[in-house]
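Shown next, in structure tokens, is the structure this report addresses.
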Amino acid sequence: MFEAERDKYLTSHGFEAMHLKAVLFDMDGVLFDSMKNHAEAWHRAMTLIGFDFPKAEAYMHEGRTGSGTINIISQRQWHRDATEEEKERIYKMKSDIFNSLPTAEPMPGAWELLQQLRADGITPILVTGSGQASLLDRLNKHFPDTFHPELMVTAFDVKYGKPNPEPYLIGKQKGDLELYQGIVVENAPLGVEAASKAGFFTVAVNTGPLDDQILLDAGAHLLLHSMQELSERWEDLRTCMQQ
Ligand code: MG
């Protein structure tokens with residue numbers, strides 16, 4: 001069912017076959033329905049500073065480090081880099097607002113998918129740009145005994161962050177994987193770009209308001225519309241990736 005997408009990927013990378021052993025998951029907008037809160041928090045914090053930053057723009061920056069996002073808007077509106085003090089202050093405002101919002105629920109379909117992976121003996125690896133302690137703790141609450149600390153890449157592991165391929169290359173290393181042994185699940189354009197540049201077969205799940213074409217243009221090899229859909233079609237995808 002996914003043979004055409006798989007074969008196109010194999011040909012372009014010079015691989016003979018996929019031997020799926022691990023799935024590398026982004027967190028916000030994939031495992032948790034948290035992007036609405038991030039967009040709201042960014043919009044409110046930027047507005048307090050006097051920046052023009054519509055909520056929809058947050059989805060285009062998703063995956064970037066907080067200081068990276070702040071610097072881009074500073075250059076746009078102040079025509080200069082933000083100072084370290086400004087970056088820290090604005091990011092703290094954003095985090096405080098984020099933490100005051102109702103906590104995000106797990107994405108529908110995510111737990112069902114993770115349980116299927118477990119039954120199939122496929123290893124889940126987390127690759128997030130987030131350094132939010134509250135969300136990392138919540139992983140264990142909502143997805144118990146699923147993600148192990150040695151198989152997590154967070155804001156604390158990376159120097160560059162998405163869209164640089166670095167976070168996914170660290171995930172590849174932590175999982176001791178060849179590229180044809182893993183696939184990535186991402187919802188954000190910058191995350192898709194990072195994963196496909198790293199060389200992984202990248203599944204985009206479009207759980208936000210962006211057009212599908214933005215995710216395809218970022219390098220997605222396959223596009224689905226929800227984690228529920230990925231869970232429902234998992235058996236077909238797994239079979240295809242182990243042939
Ligand atoms: Mg995401």
Side-chain angles (χ1 to χ4, degrees), residues 23-43 55-69 72 91 94-95 98 101 103-111 113-114 124-136 138-139 142-143 146-147 151-158 160-171 182-198 200-212 214-231:
V23 179
L24 297 89
F25 288 96
D26 171 50
M27 184 169 75
D28 288 303
V30 169
L31 298 176
F32 288 101
D33 192 9
S34 44
M35 271 311 295
K36 284 190 217 79
N37 287 0
H38 283 290
E40 178 72 30
W42 273 120
H43 168 69
K55 281 181 214 170
E57 190 175 352
Y59 291 87
M60 292 302 294
H61 289 285
E62 186 192 347
R64 214 187 286 288
T65 61
S67 71
T69 301
I72 286 172
Y91 191 67
K94 184 261 171 179
S95 298
F98 180 84
L101 296 172
T103 52
E105 293 299 313
M107 193 64 87
W111 181 229
L113 175 62
L114 289 166
I125 298 174
L126 183 78
V127 181
T128 178
S130 176
Q132 302 256 349
S134 55
L135 266 183
L136 296 176
R138 292 179 65 238
L139 269 176
H142 292 285
F143 310 118
T146 301
F147 292 97
L151 294 177
M152 289 186 189
V153 182
T154 73
F156 303 107
D157 294 288
V158 301
Y160 302 107
K162 303 168 188 177
N164 191 289
E166 175 200 32
Y168 282 103
L169 292 175
I170 296 173
I183 63 174
V184 169
V185 181
E186 260 288 353
N187 71 305
L190 298 180
V192 167
E193 185 183 334
S196 63
K197 276 188 184 161
F200 280 111
F201 184 95
T202 305
V203 181
V205 284
N206 192 0
T207 62
L210 300 178
D211 288 342
D212 289 350
I214 295 176
L215 293 163
L216 292 169
D217 289 346
H221 300 95
L222 173 67
L223 186 129
L224 301 175
H225 292 94
S226 65
M227 288 296 280
Q228 195 72 53
E229 184 185 5
L230 179 54
S231 171

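Atoms within a ligand are numbered from 1 in the order they appear, just like the ligands themselves. What you are looking at is a predicted structure, and each value in this text was computed from that prediction instead of being measured.
- Ring geometry for Phe201 against His221 counts as parallel: the plane angle stays under 30°, on a 0 to 90° scale with 60° as the upper cut.
- Note on Glu62: counted as a metal contact of the Mg ion (ligand 1), an N/O/S atom lying under 2.8 Å.
- Not one N, O or S atom of Met27 sits under 2.8 Å from the Mg ion (ligand 1).
- Nearest to the Mg ion (ligand 1), among the N, O or S atoms that Asp26 has, is OD2.
- The aromatic rings of Phe147 and Phe25 stand perpendicular to each other, their planes meeting at an angle above 60°, with 30° marking the opposite boundary.
- Relative ring orientation between Trp111 and Phe143 is described as tilted, the plane-to-plane angle lying within the 30° to 60° band.
- When every heavy atom of Met152 is checked against every heavy atom of Asp157, the shortest pair comes out as O-OD2, 3.7 Å.
- Within Asp28, the N, O or S atom at minimum distance from the Mg ion (ligand 1) carries the name O.
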